[in-house]
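Worksheet for the structure shown next.
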Amino acid sequence: MNAVEIEEAVTKLAEKPFDAAEFPYQFLAAFGNKDTTIKRLRAGSTNASDLPGGVLQRSNIHIAVAPPGKVTQTLSALRISPATTKAKARFILATDGDGFEAEELESGETVACAYADFPNHFGFFLSLAGITTVKQVRESSFDIRATSRLNRLYVELLKDNPAWASAERRHDMNHFMARLIFCFFAEDTDIFGKIGLFTETVERMSDRDSSNTHEVIGTLFRALNTKGPDREAAGIPRWAARADQFPYVNGGLFSGNMEVPRFSRIARSYLLHIGNLDWTKINPDIFGSMIQAVADEEERGALGMHYTSVPNILKVLNPLFLDDLRECLAEAGDNARTLLNLRKRMSRIRVFDPACGSGNFLVIAYKEMRLIEAEINKRRGEPDRSSEIPLTNFRGIELRDFPAEVARLALIIAEFQCDVLYRGKQLALNEFLPLSKENWITCGNSLRLDWLSICPPTGTGVKLVADDLLETPLDQAQIDFENEGGETYICGNPPYKGNADQTKDQKEDIRKCFLGTNLNWKSLDYICGWFWKAAQYSSFTVTKFAFVSTNSISQGQNISYFWKPLFEYGLRIDFAVRSFRWRNLATENATVTVVIIGCSRSKDGVCYLFDENIKQEVLQINAYLVPGKDVFVERSARPLSNLPQMVKGNYYGLSDGLLLDETARAELLDDGLSQEHIRTFKGGAEIVRGTQRWCLWFPQPNIPTDAWSNPKVRQRIELVKESRLASPDLAAIRMAERPHQFREMHACNEWTIAIPNVSSESRPYLPVTLESRDVVFPNTAFALYDTELACLAIAASRLHLVWTITVCGKLETRIRYSNTLGWNTLPVPALTDKNKADLTRCAEDILLAREAHFPATIADLYDPDNMPADLREAHERNDEVLERIYIGRRFRNDTERLEKLFELYTKMTASPRATAKKKRAGAA
DNA sequence: TATCCGACAGTGT
DNA sequence: ACACTGTCGGATA
């Protein structure tokens, strides 16, 4: 169960009449315990309680239903109960159906409230459901509750008003929800005349059968859109007309289509329910991203679980510009003049998120800046001063309609809350209304819009122009920024999509972005469009930009395909956060490893490199997010050094029928199928873990008759044929003509040196093996067929590992080996016969050391914590011999290894001979 | 023709 | 539920 589901269950429980005997079990069920767990507790077999009517779930909670009026006493009894301690309960809970008290024993934190209100504290108990790691959830109980209820209302309204679900009406629906949220917030924060006034008015004025609910709400909306003196003329009834109760709000929020969907009874009750939440508790930074799922069919399953956490957002914003502002504040001390200058500077800072979702980057940036400004005003003795940071300087683009609405609202709410916090409620209220008319969140396709017109550079009056003429020009973005001479910071977390996963439209977006350049845009991730547009933007006005990105952007082929042109375009990396796992609250966790990269056109100044929260100051950061000079290792079709050609294993897509497991192989052999038609099939997994698979192997153009006469073989080949013919891929269909074969049919004569395509990064060496002639390799491994054993010494070296980790691509953080990026680019000095003989000896020693531990698998042998000493020594000797060939001694560390390799690579690729060689290779 | 990559995916604890 | 670690197939050069 996720937090939203728990909230729903808990709320339902509290609404039911209290059942003393059942409550403990129902409570545990609401927190996601399985039926069997509850059954066993009920039967008493796992109930460790020593109190009458008590239920104690080991390591979790001790619950007791109290006699009427004795809640506090019962809680004390639970606290001193020996069973509580013995069973290591984390919570104790007592209730009589009227009062409710609970305590988290470790922290001593308590909850005491009316029974009906205990769902307000469900976040307190979330760890019972195993949701402990993320503190944020607990602190945002309100946002989760509000989100889940708004979602229920949304679904219910669409059920009653199917027309509103159509594409054309969706915007109206979303806009309506935004208006409602505003009203809920306003009625709880004194923006309206009385706490709860909106909900109360709807309840009082609408019939219980709900038939006129939409009219009542519509009337209130019209009032909010009409200035006080005009209301009588507009025919607004007395109950809605008082401007001290329902003030003039407008600001675009209540203008436009005023239609309200019809409410069923259920929808009406949901609405009243939502209104009764305490909306002062809303966190605009979290709420926004939670709520965006409300209107999103696909995301609804993980409702509210996909928000970007505040610490992660700060990883972008702090190094981008907030750290600098804070430093300036610290330096300014109490100097009134310097403080004033800083305030002026801040009032002209623009923050632009071109993939803003529901605006959390913008909201957090705003709140952080208000915090700094408040400190300035305090030090200058002007604590009541109104803010000089205009909300219009926080701009965004969002594709989806509902999040765009919410983003705008979240910023409005953030502004109000900051005013209350720093200046007091009265001043906040005085200046809050009416809202300004402009909408500074643009709903549209970011990659097709002209960012310069949405966030125009200083001092020019650029009109909004869509890059793509098919886009309807928007009328909302022609607001002048109040930021003459200000700085612009672009930030956000745009979507990632690998080249193979992009839709036609997304491909077209990218194509348009890179129009007029010679980049290999077809191979780039979708997010590269954002980087490129930001880079273009930065050529018009001074800008720094930073995005959260999939980490593959700084690996493998992207280095030369993407970063090389970006650097040539004048950009540099100012700061970067190296790969870390992105986590959110979704049960189906979004598993992705990301980096954060901040760029500008600055020419000097220190750069910052972050790794696991460790900050390092460096002179330069290259595209690999490694400190040091720019290097771009390009794919090469042939080895640049004097090394043999390495081949990728046979591509075996749509070849299921050709693969054999233990039983299938045994059956075929029993049938009398000749051994020669069956080969060992060894990919990465088999090499590393020592598991076994086989395949049918018919290198001849035609299927040998003895094999064809076996019905099982024939059936298998037919299967392959069918699957290939069924593919939409033309290349696959052509492969159906030779269904007895893989796409490639490479094999060795004598032996093969093999390297897994993907393998764990935790091993101290690459898992390279020597394989015999009966082995066939799938494309999960690379192969050096029939080469000198010295190659194994090179491949198994520390040098090669360091090179591989740096220049090859990765699967998240795993090593993804590649012949074109890793092997063919590896700089190796010319080897004498003596060198080769020495290396061969080293390779043999490594193989012998492994054999001594038979039947340990490669995974066993190279377990970083349990690598056998003799094997380690064999590798040490191998490294010693190889490294002496490079520099006459051992390298001191991996940094030195990498420096040397890059130096050699640069030389190797700069020499005319190498270039000529490459050209010849290309022509051949 | 051959290779790169996956807001991942499968497995074991 | 989390840690660990590599498949398989589409799209592209």
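By convention in this document, chain letters (A, B, ...) are assigned in the order of the sequence lines, proteins followed by strands, and residues within each chain are numbered from 1.
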Open item on the list: Can you pull out every salt bridge (charged side-chain N to carboxylate O under 4.0 Å, His left out) where at least one residue sits in residues 807-818 of chain A? Sequence neighbours excluded, please.
Closed with: A:R581-A:E812, A:E761-A:R814

Open item on the list: Which residues pass the side-chain contact (heavy atoms from CB on, under 4.5 Å) test with A:Q692, not counting sequence neighbours?
Closed with: A:W694

TODO: Sequence neighbours left out, what passes salt bridge (charged side-chain N to carboxylate O under 4.0 Å, His left out) with A:D401? Give chain and number order.
DONE: none

Task: Interatomic distance where CG belongs to A:D525 and C1' belongs to B:dG6 [whole Å] - done: 9 Å

Task: Neighbour count above 12 (heavy atom, 6.0 Å) for A:E662 CD - done: no

Open item on the list: For A:C528 versus A:F562, what's the shortest heavy-atom pair and its separation?
Closed with: CB-CE1, 3.6 Å

TODO: Could you work out the separation of C:dA13 and B:dA7 based on their C1' atoms and round it to a whole Å?
DONE: 26 Å

TODO: Could you please name the option among B:dA9, C:dG10, B:dT1 that lies closest to any side-chain atom of A:R581?
DONE: B:dA9

TODO: Sequence neighbours left out, what passes side chain to side chain donor-acceptor pair (under 3.5 Å) with A:R724? Give chain and number order.
DONE: A:S655

Open item on the list: From CG of A:L519 over to P of C:dA13, roughly how many Å is that when rounded to an integer?
Closed with: 11 Å

Task: Between C:dA13 (P) and A:R638 (CZ): distance, integer Å - done: 20 Å

- [ ] Return the value, rounded to whole Å, for the distance between atom CZ of A:R724 and atom P of C:dG10.
- [x] 12 Å

Output a table of nitrogen or oxygen pairs between the protein and nucleotides 2-4 of chain B separated by less than 3.5 Å.
{"residue": "B:dA2", "atom": "OP2", "partner": "A:E744", "partner atom": "OE2", "Å": "3.3"}
{"residue": "B:dA2", "atom": "N7", "partner": "A:R743", "partner atom": "NH2", "Å": "3.2"}
{"residue": "B:dT3", "atom": "OP1", "partner": "A:N819", "partner atom": "ND2", "Å": "2.6"}
{"residue": "B:dT3", "atom": "O3'", "partner": "A:T820", "partner atom": "OG1", "Å": "3.4"}
{"residue": "B:dT3", "atom": "O4", "partner": "A:R743", "partner atom": "NH2", "Å": "3.4"}
{"residue": "B:dC4", "atom": "OP1", "partner": "A:S818", "partner atom": "OG", "Å": "2.5"}
{"residue": "B:dC4", "atom": "OP1", "partner": "A:T820", "partner atom": "OG1", "Å": "2.2"}
{"residue": "B:dC4", "atom": "O3'", "partner": "A:Q557", "partner atom": "NE2", "Å": "3.4"}

Open item on the list: Regarding A:E812, tell me which of base, sugar-phosphate or nothing describes its non-hydrogen contacts under 4.0 Å with the strands shown.
Closed with: base

- [ ] Have a look at A:P767 and say if it touches a base, only the backbone sugar-phosphate, or nothing, with a 4.0 Å heavy-atom cut-off.
- [x] nothing

TODO: Please list, chain by chain and in numerical order, all residues satisfying side chain to side chain donor-acceptor pair (under 3.5 Å) with A:W803, sequence neighbours excluded.
DONE: A:T825

- [ ] Mind checking side-chain contact (heavy atoms from CB on, under 4.5 Å) for A:V316 and listing every partner two or more places apart, or none if nothing turns up?
- [x] A:F361, A:C491, A:A546, A:V548, A:I596

Open item on the list: I'd like to check the side chain to side chain donor-acceptor pair (under 3.5 Å) partners of A:R693; sequence neighbours left out, ordered by chain and number.
Closed with: A:E686

Open item on the list: Just checking A:Y526 against A:Y496, ring centres under 6.0 Å apart?
Closed with: no

Open item on the list: So A:S727, base contact, sugar-phosphate only, or nothing? Heavy-atom distance under 4.0 Å.
Closed with: nothing

Open item on the list: In this structure, how many angstroms lie between the C1' atom of B:dT1 and the CE atom of A:M745, rounded?
Closed with: 17 Å

TODO: Record whether the side chain of A:D501 comes under 3.5 Å of the base of B:dA7 through a donor-acceptor pair of N or O atoms.
DONE: no

- [ ] State which of C:dG10, B:dC5, B:dC8 makes the closest approach to the side chain of A:A500.
- [x] C:dG10

Open item on the list: Just the rounded figure in Å: distance from P of B:dG6 to CZ of A:R814.
Closed with: 12 Å

Open item on the list: Using the side-chain contact (heavy atoms from CB on, under 4.5 Å) criterion, which residues pair with A:D786? Sequence neighbours excluded.
Closed with: A:C748, A:N749, A:E750

- [ ] Can you tell me the distance, in whole Å, between the CG atom of A:L811 and the C1' atom of C:dT7?
- [x] 10 Å

TODO: Please confirm whether A:Y651 and A:F742 have ring centers closer than 6.0 angstrom.
DONE: no

TODO: Provide, to the nearest angstrom, the distance between the CG atom belonging to A:N650 and the P atom belonging to B:dT1.
DONE: 13 Å

TODO: Would you tell me if any nitrogen or oxygen in the side chain of A:S762 comes within less than 4.0 Å of OP1 or OP2 on C:dC4?
DONE: no

Would you tabulate the pairs of protein nitrogen or oxygen atoms and nucleotide nitrogen or oxygen atoms of nucleotides 10-13 of chain B closer than 3.5 angstrom?
none

Task: Separation between the P atoms of B:dC4 and B:dC8, rounded to whole Å - done: 22 Å

TODO: Whenever both distances are under 3.5 Å in a Watson-Crick or G-U wobble pair, mark it; put DNA chain B into dot-bracket that way, with [ ] for crossing pairs and | when the partner is on another strand.
DONE: ||||||.||||||

Open item on the list: Applying side-chain contact (heavy atoms from CB on, under 4.5 Å), can you list everything that pairs with A:P565, at least two apart in sequence or on another chain?
Closed with: A:L519

Open item on the list: Using heavy-atom distances to pick each residue's nearest nucleotide on DNA chain C, tell me which of A:G653 and A:T813 is more 5'.
Closed with: A:T813

Open item on the list: By nearest atom, which of the nucleotides B:dG6, C:dA13, C:dT5 is closest to the A:N520 side chain?
Closed with: C:dA13

